[in-house]
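This report concerns only the one structure given below.
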2 protein chains.
Amino acid sequence: MKKAVEILNKSNIRPTLQRINILNVILKYKNHMSAEDIYKILQRETPTISRATVYNTLNLLSKNGILAEVITPDSVRYDYVEKFHHHFYCEKCKKVYDIHDEFSVPNIKKIDGHIVKNIQYCIVGICKNCLNGGE
Amino acid sequence: MKKAVEILNKSNIRPTLQRINILNVILKYKNHMSAEDIYKILQRETPTISRATVYNTLNLLSKNGILAEVITPDSVRYDYVEKFHHHFYCEKCKKVYDIHDEFSVPNIKKIDGHIVKNIQYCIVGICKNCLNGGE
DNA sequence: ACCTCTTTTAGACATTGTCTAAAATTATTA
DNA sequence: TAATAATTTTAGACAATGTCTAAAAGAGGT
């Protein structure tokens, strides 16, 4: 599985073992996980991984456009995005769903003098599954 | 300053002392504060106020449409909204700014089978003030 | 090898939010 | 009014999320 290494190299990010592992977790589970989720999964394999490394790496990958930060009411989730899409957050089960409907987001780089780095919809509600009583 | 009691009564929420105080803090400071901010301010006057009361009340007021929950990457902020507007979050100073530009938000009640309760933009970047070196 | 720069670690600390059982308050009924 | 029922608040433990720092480990260039 050399995809992670390629992705890192393309952005001139030194492909350390930790970074590869972190990216691989995201590529494998496609769950919109929080940093803590990713940290916990990695700890099972490599108990010495540091929380700071996970947070720093996720930040680095986001800054380089490799990951999208999905903002939810309870945490930031990370998503490896190949095709742009929106996200829906269920306030009951806390899951994030991809939304492929194409409503547009204004393409602004600056507003009222502030520099815009990231603009996204936060769509919050109760998901299909929870409406049916959860599982 | 519009009466907190009136606002509560109009929504049939029993105007207890704690609820009045909480709402008054929001009406007075127009700062897009987090629950913790509000809790800390109230503690100065009434040290016995409970964190749970603050969180429960903010929730109740939001559910009744009295307050808007502004979702940011680090916390939910509360805003007493008279006229609908958007928000900008500065990732450096953590401040939230009102944005009165009118780009529209899709008016959807349901998407992919999920019920939508709240849809808003998350606009993140560096604010005008921090660009000028902060204060 | 040596030196320098980058990266990771460990763990304390801070912030944000949830939960619960008991106490206090308010409303309702007898 | 007194007794009872329902609502609200409290205190504080607990949980989840995120930041920070100094020291150690690792990698690259000469």
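Predicted model, so just to flag it, every value in this text is computed and none were measured. Here is how names work: the chains are called A, B, and so on, in the same order as the sequence lines, proteins then strands, and each is numbered from 1.
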Q. Is it true that a side-chain atom of A:R19 and a backbone atom of A:R14 form a donor plus acceptor pair closer than 3.5 Å?
A. yes
What residues form a side-chain contact (heavy atoms from CB on, under 4.5 Å) with [X], not counting sequence neighbours?
| X | answer |
| --- | --- |
| B:Q18 | B:T16, B:I49, B:T53 |
| A:R51 | A:E36, A:Y39, A:Y55 |
| B:V25 | B:Y29, B:M33, B:I38, B:I41, B:L42 |

Take atom [atom1] of [X] and atom [atom2] of [N], then tell me their distance rounded to the nearest Å.
| X | N | atom1 | atom2 | result |
| --- | --- | --- | --- | --- |
| A:L17 | C:dT9 | CG | P | 9 Å |
| A:I38 | D:dA16 | CD1 | P | 16 Å |
| B:Y78 | C:dG17 | OH | P | 7 Å |
| B:E69 | C:dT16 | CD | P | 15 Å |
| B:D37 | C:dT16 | CG | C1' | 10 Å |
| B:N56 | C:dT25 | CG | P | 18 Å |
| A:Y39 | C:dA10 | OH | P | 8 Å |
| A:R19 | C:dT6 | CZ | P | 11 Å |

Q | Cluster companions of B:L131 among Ile, Leu, Val, Met, Phe, Trp, Tyr (side-chain spacing under 4.5 Å) | A |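 Grouped by the 4.5 Å side-chain rule, A:I115, B:I126 form the rest of the cluster around B:L131.
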**Q.** 5′-ward residue of the pair B:T53/A:R77 relative to DNA chain D
**A.** B:T53
Q) Between C:dT25 and B:Q18, is there an OP1 or OP2 to side-chain N/O distance shorter than 4.0 Å? A) no
If you look only at distance, which donor and acceptor atoms sit under 3.5 Å apart when one is on a side chain in residues 82-92 of chain A and the other is two or more places apart or in another chain?
| from | atom 1 | to | atom 2 | distance (Å) |
| --- | --- | --- | --- | --- |
| A:H85 | ND1 | A:K83 | O | 2.8 |
| A:H85 | NE2 | A:D79 | OD2 | 3.2 |
| A:H85 | NE2 | A:H87 | NE2 | 3.1 |
| A:H85 | NE2 | A:D98 | OD1 | 2.9 |
| A:H86 | NE2 | A:F103 | O | 2.8 |
| A:H87 | NE2 | A:D79 | OD2 | 2.9 |
| A:H87 | NE2 | A:D98 | OD1 | 3.4 |
| A:Y89 | OH | A:D74 | OD2 | 2.7 |

Q: Starting from the C-alpha separation in whole Å, work towards a yes-or-no answer on side chain to side chain contact (heavy atoms under 4.5 Å, CB included) for A:Y80 and A:I7.
A: CA-CA 11 Å; A:Y80 179 72; A:I7 293 170; 3.5 Å; yes
Q: For nucleotides 18-30 of chain D, just jot down a letter per nucleotide in 5' to 3' order: B, S or -, based on protein non-hydrogen atoms under 4.0 Å.
A: BBB------S---
Q) Quick one: which of D:dT17, C:dT8, D:dT9 gets closest to the side chain of A:T57? A) C:dT8
